[in-house]
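Both backbone and side-chain heavy atoms feed into the values below; hydrogens, waters and symmetry mates do not.
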Amino acid sequence: MATYHVIGIMSGTSLDGVDLAYCRFTYNEKNWIYKILNTETLPYTDVWLKRLSTLTEASAAEIIATDRAYGRYLGELVKNFVEANKLSVDFVSSHGHTIFHQPQLDITFQVGSGAYLAAAAGLPVVCDFRTLDIALGGQGAPLVPIGDKLLFSDYDFCLNLGGISNISQEGLDRRVAFDISCCNMLLNPLAEELGFAYDRNGELARQGQFQPDLFEKLNEASYFSAAYPKSIGKEWADENSLKVLSHSKASTQDKLNTACHHIGYQVAQSVKQHASQAHGRLLLTGGGAFNGFLVEQIQHYLGPEFEVVVPEPELVNFKEALIFAFLGVLRWRQETNCLKSVTGASQDNCGGAIYWM
């Protein structure tokens, strides 16, 4: 029996903050058992929000400087988290914050230097999980499916509603997973137009009216009918879904309402197209799981044959940080943590760089 105590760090595309999850993983009789022990979400300051959201337009020198500074910033957050909770930590596992993701050009880049993070935290760090997979011809995404397979096998489908919606499920002979559509990347900017950081429980969307023409335009992108492996980056969102919404003359509430229908419809299409059965349990996590109107649309388009399960808030909020902690454990053990069946790489691989302290 082996046990690991790890801090997982996650920052999603919606820039709602840094998630820290202190987790215990135990490997016993060929099964993994996890427990989330401590968690914290630290919202970004206005300075960091501006710096990260505008980095795609920055100079090379500024991008490098931000990579180092952000790594140091994460390390300081970890150090404070450890000291405040008196934690005993084996290592830190960090996803970083994605700035560029264009695997067709051999590009993926997450700021948050592992070396600077390790130096500031005073702990070993595992990071840079995507690069090896892209070098092997894969998308470098999604990475979560190996965690879904080994930690959440009680569910037929695992759906995450973050900045991007993505799904993971067991196919007939292999794990299947891919990004479905933009999610909070669409909803949060619309809520901000109305003076809110996000649409609490979907109340703003519920006030709007469904717009069939806008719904059709949102569903037109060829990405949705493309075969997996496939993944979405900010660049795709800017040129497709966000552009469609910006060109629409509908009210903001109507856009929110219709965007929720679009997300729910694409989730249902993805589940039904790739499911090995016409029913099942779907685990729903990520910030979008708190949007009641969005969850209703997902259930509506799926139909009664599928059970949508929203778990306890801690798992909803910290599942990705938990799984990135777990990916670090697998890397630490030199075991597969990235599946070719979901990324399209030439082989399963064990991605991640380790900085020892």
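- The aromatic rings of Tyr44 and Tyr70 lie tilted to each other, with the angle between the two planes from 30° to 60°.
- A donor-acceptor contact shorter than 3.5 Å links the side chain of Asp199 to the backbone of Glu203.
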Legend entry - Stepwise side chain to side chain donor-acceptor pair (under 3.5 Å) check, Thr252 with Glu193: CA-CA 7 Å; Thr252 302; Glu193 290 180 13; 3.0 Å; yes

Legend entry - Full working for salt bridge (Lys or Arg N to Asp or Glu O under 4.0 Å) between Lys234 and Asp238: CA-CA 6 Å; Lys234 184 178 183 298; Asp238 288 340; 3.0 Å; yes

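- With rounding to the nearest 0.5 Å, the separation of CH2 in Trp48 from CG in Leu52 is 6.0 Å.
- Of the possible donor and acceptor atoms, one in the side chain of Ser246 sits under 3.5 Å from a partner among the backbone N and O of Lys243.
- No single ILVMFWY cluster, assembled from side-chain heavy atoms under 4.5 Å apart, contains both Ile9 and Leu151.
- For the residue pair Asp19 / Thr41, a side-chain donor-acceptor distance below 3.5 Å is found, with atom types taken as modelled.
- Looking at Arg51 and Asp46, no side-chain N of the basic residue comes within less than 4.0 Å of a carboxylate O on the acidic one, giving no salt bridge.
- In this structure, the side chain of Asp67 engages the main chain of Ser113 through a donor-acceptor pair within 3.5 Å.
- Follow the hydrophobic side-chain contacts under 4.5 Å out from Ile298 and you reach Leu187 in the same cluster.
- For Tyr22 and Phe81, the gap between ring centers reaches or exceeds 6.0 Å.
- In this structure, the side chain of Gln297 does not engage the main chain of Ala259 through any donor-acceptor pair within 3.5 Å.
- Here NE2 of His279 is found 7.5 Å from CG of Asp156. Values are rounded to the nearest 0.5 Å.
- Aromatic ring centres of Phe224 and His262: separated by under 6.0 Å.
- In this structure, Ile232 and Asn240 have side chains that are not in contact, with every pair of non-hydrogen atoms separated by 4.5 Å or more.
- Looking at Leu283 and Thr285, their side chains come closer than 4.5 Å, going by heavy atoms from C-beta outward.
- Cation-pi geometry between Lys319 and Phe324 is not met: the NZ or CZ atom fails to fall both under 6.0 Å from the ring centre and inside 45° of the normal.
- Other residues, nucleotides and ligands place more than 12 heavy atoms under 6.0 Å from the CZ atom of Arg281.
- Atom-to-atom distance recorded for Ile146:CD1 and Cys338:SG is 9.0 Å, nearest 0.5 angstrom.
- Relative orientation of the Phe293 and His261 rings is perpendicular, given thresholds of 30° and 60° on the angle between their planes.
- The local environment of NZ in Lys230 is crowded, with over 12 non-hydrogen atoms from other residues, nucleotides or ligands closer than 6.0 Å.
- Inter-residue side-chain proximity for Phe100 and Glu235 is flagged as met; some heavy-atom pair is nearer than 4.5 Å.
- Residues Thr3 and Arg24 meet the side-chain proximity criterion, which asks for heavy atoms closer than 4.5 Å.
- In this structure the side chain of His247 never reaches within 4.5 angstrom of the side chain of Leu245, judged on heavy atoms.
- For Tyr34 and Phe326, the ring centers sit 6.0 Å or farther from each other.
- Side chain to side chain, His101 and Arg130 fail the donor-acceptor criterion of an N or O pair below 3.5 Å.
- The backbone N or O of Gln266 lies less than 3.5 Å from no partner atom in the side chain of Ser181, so there is not a single donor-acceptor pair.
- Under the 4.5 Å side-chain heavy-atom criterion for Ile, Leu, Val, Met, Phe, Trp and Tyr, Tyr198 and Leu186 are members of distinct hydrophobic clusters.
- At distances below 3.5 Å, not a single donor-acceptor pair connects side-chain atoms of Ser241 with backbone N or O atoms of Ala237.
- Classification of the Tyr228-Phe178 ring pair by plane angle, with boundaries at 30° and 60°, yields parallel.
- Taking CG of Leu327 as the reference point, atom CD of Glu335 lies at 12.0 Å (rounded to 0.5 Å).
- In this structure, Arg68 fails the cation-pi test against Tyr73, since its NZ or CZ atom is not both closer than 6.0 Å to the six-membered ring centre and inside 45 degrees of the ring normal.
- Taking the side chain to side chain contact (heavy atoms under 4.5 Å, CB included) definition, one finds that Asn166 meets it with Asn160, Asp179, sequence neighbours left out.
- Leu282 and Phe290 fall within a single hydrophobic cluster, where Ile, Leu, Val, Met, Phe, Trp and Tyr side chains are chained together by heavy-atom contacts under 4.5 Å.
- Surrounding CD of Gln209 are at most 12 heavy atoms belonging to other residues, nucleotides or ligands under 6.0 Å away.
- Remark: the backbone N or O of Gly352 is paired with a side-chain donor or acceptor of Arg331 at under 3.5 angstrom.
- Proximity of a side-chain donor or acceptor of Thr258 to a complementary backbone N or O of Lys255 within less than 3.5 Å is not detected.
- Side-chain N or O atoms of Asn337 include none that pairs as donor or acceptor with a backbone N or O of Leu330 at under 3.5 Å.
- Using a 4.0 Å cut-off between charged side-chain N and carboxylate O, Arg206 and Glu296 make a salt bridge.
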Legend entry - Stepwise side-chain contact (heavy atoms from CB on, under 4.5 Å) test for Gln273 and Ser270: CA-CA 5 Å; Gln273 182 179 354; Ser270 298; 5.8 Å; no

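- Taken from CD1 in Ile323 to CG in Asp148, the straight-line distance is 4.5 Å, to the nearest 0.5 Å.
- Using a 4.5 Å cut-off on side-chain heavy atoms (C-beta onward), Arg175 and Ser168 make contact.
- Counting heavy-atom neighbours within 6.0 Å of Tyr4 OH, excluding the residue itself, gives a total above 12.
- The environment of Gln334 atom CD is sparse: at most 12 non-hydrogen atoms of other residues, nucleotides or ligands sit within 6.0 angstrom.
- For Lys79, the NZ atom sits in a loose shell: 12 or fewer heavy atoms of surrounding residues, nucleotides or ligands are nearer than 6.0 Å.
- No side-chain heavy atom of Val6 sits less than 4.5 Å from a side-chain heavy atom of Cys23.
- Taking the six-membered ring where the residue is Trp, the centroids of Phe91 and Tyr355 are separated by 6.0 Å or more.
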Legend entry - side-chain contact (heavy atoms from CB on, under 4.5 Å) between Thr26 and Trp32, worked out: CA-CA 6 Å; Thr26 302; Trp32 282 102; 5.9 Å; no

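- Separating the CG atom in Leu123 from the OG atom in Ser93 is a distance of 12.5 Å, to the nearest 0.5 Å.
- Gln207 has its side chain out of reach of Leu256: every pair of non-hydrogen atoms, C-beta onward, lies at least 4.5 Å apart.
- In Tyr116, the OH atom is not crowded: 12 or fewer heavy atoms of neighbouring residues, nucleotides or ligands sit closer than 6.0 Å.
- The two residues Ala58 and Ile63 have their closest heavy-atom pair at O-CD1, 3.9 Å.
- The aromatic rings of Trp356 and Trp332 sit tilted relative to each other, their planes meeting at an angle between 30° and 60°.
- The main-chain N or O of Ser222 is found under 3.5 Å from a side-chain atom of Ser225 such that the two form a donor-acceptor pair.
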Inset, instruction - Determine, step by step, whether Thr343 and Asp133 satisfy the side chain to side chain donor-acceptor pair (under 3.5 Å) criterion, reporting the C-alpha distance in whole Å, the side-chain angles of both residues, the deciding distance to 0.1 Å, and the verdict. - result: CA-CA 8 Å; Thr343 69; Asp133 189 77; 2.9 Å; yes

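- At a threshold of 4.5 Å between side-chain heavy atoms, the hydrophobic network of Ile, Leu, Val, Met, Phe, Trp and Tyr places Val267 and Leu214 in one connected group.
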Legend entry - Audit row: Phe152, Leu322, side-chain contact (heavy atoms from CB on, under 4.5 Å) steps and yes/no: CA-CA 12 Å; Phe152 297 97; Leu322 163 76; 3.8 Å; yes

